[in-house]
Amino acid sequence: MTENSTQVPVKASRIDMNKLDRMVRRFERIFTFLVPIIAVLSALILMAFLILSVGSDPWVAYQGLFSGMFGNNYDTANTLNRAAPLMLMGLGVAVAYRGGLFNIGGEGQIAMGGLFASIVGIYVTGIPSIVHIPLCILAGFIGGAVWSILPGYFFAKHGINLIITTVMMNEIANSLIPAIVKGPMLEPPGYEPQSYKVLESARLPLIWEGTRLHAGILIAILAAVIFYIVLFRTPFGFAVRCVGENETAAKHSGLKVFRIRMILMMISGGLGGIAGSVEILGAQYRLREAFLANYGYEALAVALLGQKHPLGVIISGVLFGGLKAGGASMQRATNLPMALVAVVSGVIILFVIASGILMRLPRYLAKKEASRGA
Amino acid sequence: MELEAILSLFSQEFFYSTIRMAAPIVMAAIGEVIMERAGILNLGIESMMMFGAFFGVVGAATFGNAWMGMLTGILAGAIAGALFGFIVITLRANQSVTGTAFNIIGYGLTTFLARVFWGIRSEPLKVSQFVDVPLPFLSDIPFLGYILFDHDPTVYIAYIVVIVSTIFLFRTIWGLRIRAIGEHPRAAETIGINVFRYRYVAALIAGGLAAFGGAMLSLAQLDMFVDRMSGGRGFFALAAVILGRWNPIGVALGCLLFGAGNAVQMRIQAFGLKIAPDLLIAFPFALTLLVVIVFRSTANPKALAKPYEKEATIE
Amino acid sequence: MKTALKTIYLIVIFALLVTACAPKPTEAPTAAPKTEEGKPLKVALVLGGVITDNGFGAAAYRGLMSAQEEYGVETAYSESVPLAEYENAIRDYANKGFDLIIGHGSEFGDALKIVSEEFPDTYFAGTNCFVKGPNLAGLDTKQEEAGFIMGVVAGQITKAKKIGWVGAKEILSMKRDNYGFGEGVKAVCPDCEVMTTWVGAFDDVNKGKENALALIDKGADVLVHNADAAGLGVLAAAKEKNVLAIGNVGDQKDQAPDQVVTSMIRAVSPVVKSIVGEVVSGNFKANTIRVYGFAEGLYYLTDFNTKLITPEQIKVTNEWIEKIKAGQVPLEHIVP
């Protein structure tokens, strides 16, 4: 948006174009701060009526929501723990999107990443943490990447729509993981369909005294930094953005579109795999079915609300992690059905994404003003 | 013996079951075909099916009649479709995020409202249901008659919708315009087609059809609403659109394939083979994946999922 | 584009602000009976599913409510808790001063074990969990017994000697039920065949119905389910095709009045009530896994639909129930 603001079509000479441009920019700045706040506020007010209608106190409910997000160190750590896999998967979705790939296969990629990481975490023994943890994460990356090869190949080579292949791969993974935890990886005597716990040496260290915060958040931030450097500071990143913006032009300028897309899709799936592995290695310690249910789909919202930019993904990841942690706490504070809590977070997403239109208001008004002057 | 066992899978009841399982997904998927042909990607079909299933039961309970229930459900779905349209067409919000948010809300709101309306019950509320109506003469055709023409009225409506939507999309001026909008909205606008209006119409139809599919689950196949009863069928509808190459007949075939995969899977389970049931449950999805890879369906509408700017000069 | 990022950042800041400004919630005055220290006793139930699942979760909720009536305790519940949140949910209740926290389902075992060690003064219990501790009770329900008796009924009323059994997901508690069912059928009808299918979901009621119809297509004339909401679909199929069925978990005769022979009640109420009773009276039995079955009143059959079953068959069924209660039926209990 900002890049184009100098091109506001002003035909009249009576208006100082520079002045107008400055004005628009100033208003835009105010709006970018104001609009999301208004959006969240309006969503919360709307939902307050719904909460009131069932005889609960919205203030108590929202107090529960926010204290569950950042009420104390423990809650903040919980928010960040929820945020870490969302950020990683969100980065995966964002990186693919940059190259024109719409990866909704996060569910399957997360699951396979968790599977591979727990295999290495459980069955590879006798190595120190410093080797074991990276090895597990690498395995998780490979797991997610493997699960995205097939959709990636058929999209890049034959143009088969990613939605269908990734959704099917999700469903297959959703059935494969239970079959594995009930079969080859079942922890004897088999009370519960789950694997053994990963070895102590494979577990991510806890990094905040007195809380359950694990190093997953650092891995997510590291991934975001790498994402930024690769995408904006390397020729490969430039090529990726070219392919994403104009495939035909990229082809004509000699870029190997197929190869770039394959690599992108595998990185995207791999990041999903890491998301699954940090959850297993940092929080849950063992593989169970649907251990991160719906994170793959929610990562879409994380990536797109974050403008597909690494910093944005980190921030919106925290917001979504907070909604997860806070939503549960809100439910416990009020005894409202969990379903209502889900509605509240859905409406917040909707309001924030839909309020984007308001950001165009200053430019729209300026344009109107300019054309009136003409 | 082995061959006999395999043949016994494909009984008359098997084909009947295939059609019944496919029909709700067909309805939702055809709505999505029209929407995607107009250039809008609706990841929120699942939510619209849930609205249809829920408000269908609300309507049937209120009016004591399954048909009125169906209409209520369709109305709710169309409203959801219009709201989706407003957010992605007029407000130009990202369609995937909007769809994801719709799904979260769809599951949550129906579960919540079910509790508000009917309380925490030990058994769900029973409402009046569509009953099977064998079509005269047609249902007497040997073998096929029962499979095709001994269903409840909603399945016949699904047949009609497949045919009508094909004609609508490929043989009428409105269909042509919708397709033009999905391929190249700017060009369509220059020849005087109101892009927004057609996209809204597509969103309304899609919402209504998805809700019809949802209400089939609650009113035709059963007589009650259960939390999260759509069970991922909306996502399969999304896949079926691609499998059927954005063509209603192809989409219907894609849904039948999925139905057949499920019907086979259930019957194989009953053999008591030493295969993990979870893997058998995944069979329909693997089958779909295989088919889509072998037949390589491509060619989606060019402007799919891209918000349209009415006046190019704004940016 | 970068400016848009700041906006989301602001939301987070905003959230922090609201947290800082929000008043602490005041405890609602309560008339609940006091524990020996004089506090009102608070019981929390944590579920992975929902309380309206027409099955397992609903049974626990009924149990919680009946404990509330009987002992007047203050109750709370958390439903649809995702796997990643188990520990947090339990810990949060413990932090809020709840006296007894019940995790409903074998999947809570780990989380209960960990949190119970952090809060030695709080009591914890887990349904179908094989964990124990000084303040932690595992509650084992003998699924095989329920399955066995349902098998005894089904084995007698089948004419085709083919019985269909539909389960939700292949997890231990359901497998135990399924195993017991097979044994029960064998006990009364050695040449009967049991066909088992799994829906793969607890809430896909339409798929449950299709599974049942597939079994009917393969010749089953008695249907039994253990699939929560999906089981309602099984009964709908029985009604549509007019084959006999047995209800499960709650009394389900209204689902198909002319087909449901009887229902196996799994009254979680006595389990919840007994453990609440232990805490109320201060006699919490440490380091044991409590076992519940027919003898403990966990399971019982509802009144038979005498149009569908002969008095002779009812008599045989009751005899087997007595044998089960007396522990004379050799079933492999999976108990550590």
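Numbers restart at 1 for each chain; the letters A, B, ... are given by sequence-line order, proteins then strands.
Proximity to chain C (any heavy atom under 4.5 Å) is shown, for Tyr285(A), by neither the backbone nor the side chain. Looking at Asn335(A), both its backbone and its side chain come within 4.5 Å of chain C, counting heavy atoms on both sides. Contacts between Ala290(A) and chain C at a heavy-atom distance below 4.5 Å involve the backbone alone (N, CA, C, O). Using a 4.5 Å cut-off between heavy atoms, Ser173(C) makes no contact with chain A at all. Contact annotation for Glu289(A): both backbone and side-chain heavy atoms come within less than 4.5 Å of a heavy atom of chain C. Proximity to chain C (any heavy atom under 4.5 Å) is shown, for Pro337(A), by both the backbone and the side chain. Only the side chain of Lys197(A) comes within contact range of chain C, judged by heavy atoms closer than 4.5 Å.
With sequence neighbours excluded, the residues forming a ring-ring contact (aromatic ring centres under 6.0 Å, His included) with Phe98(C) are Tyr93(C), listed by chain and number. For Tyr61(C), the ring-ring contact (aromatic ring centres under 6.0 Å, His included) test picks out Tyr77(C), with sequence neighbours left out.
Here the CG-CG distance, from Asp75(A) to Asp92(C), works out to 7.0 Å after rounding to the nearest 0.5 Å.
Contacts between residues 104-113 of chain C and chain A, defined by a heavy-atom separation under 4.5 Å, are made by Ser106(C), Glu107(C), Asp110(C).
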Step by step, would you call Tyr86(C) with Gln284(A) a side-chain contact (heavy atoms from CB on, under 4.5 Å)? CA-CA 10 Å; Tyr86(C) 284 176; Gln284(A) 299 190 16; over 6 Å; no
Show, in sequence, the C-alpha distance, side-chain angles and deciding distance for Met338(A) and Val50(C), and conclude whether the side-chain contact (heavy atoms from CB on, under 4.5 Å) test is met. CA-CA 9 Å; Met338(A) 195 61 191; Val50(C) 291; over 6 Å; no
Could you please spell out the steps behind the side-chain hydrogen bond (donor to acceptor under 3.5 Å, both in side chains) verdict for Asn95(C) and Tyr74(A)? CA-CA 11 Å; Asn95(C) 271 325; Tyr74(A) 181 83; over 6 Å; no
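Using a 4.5 Å cut-off on side-chain heavy atoms (C-beta onward), Tyr191(A) and Asn128(C) make no contact. Taking 4.5 Å as the limit, every side-chain heavy atom of Leu172(C) sits out of range of all side-chain heavy atoms of Glu192(A).
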Anything under 3.5 Å between a donor and an acceptor, one on a side chain of residues 34-42 of chain A, the other on a protein residue two or more places apart or in another chain? List them.
residue: Ser42(A); atom: OG; partner: Ile38(A); partner atom: O; Å: 2.3

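Minimum heavy-atom separation, Glu170(C) to Lys182(A): O-CE, 2.9 Å. Contact between Lys96(C) and Ser329(A) at its shortest, heavy atoms only, is NZ-O, 4.4 Å.
Salt bridge Glu85(C)/Arg82(A): present, at least one basic N to carboxylate O contact under 4.0 Å.
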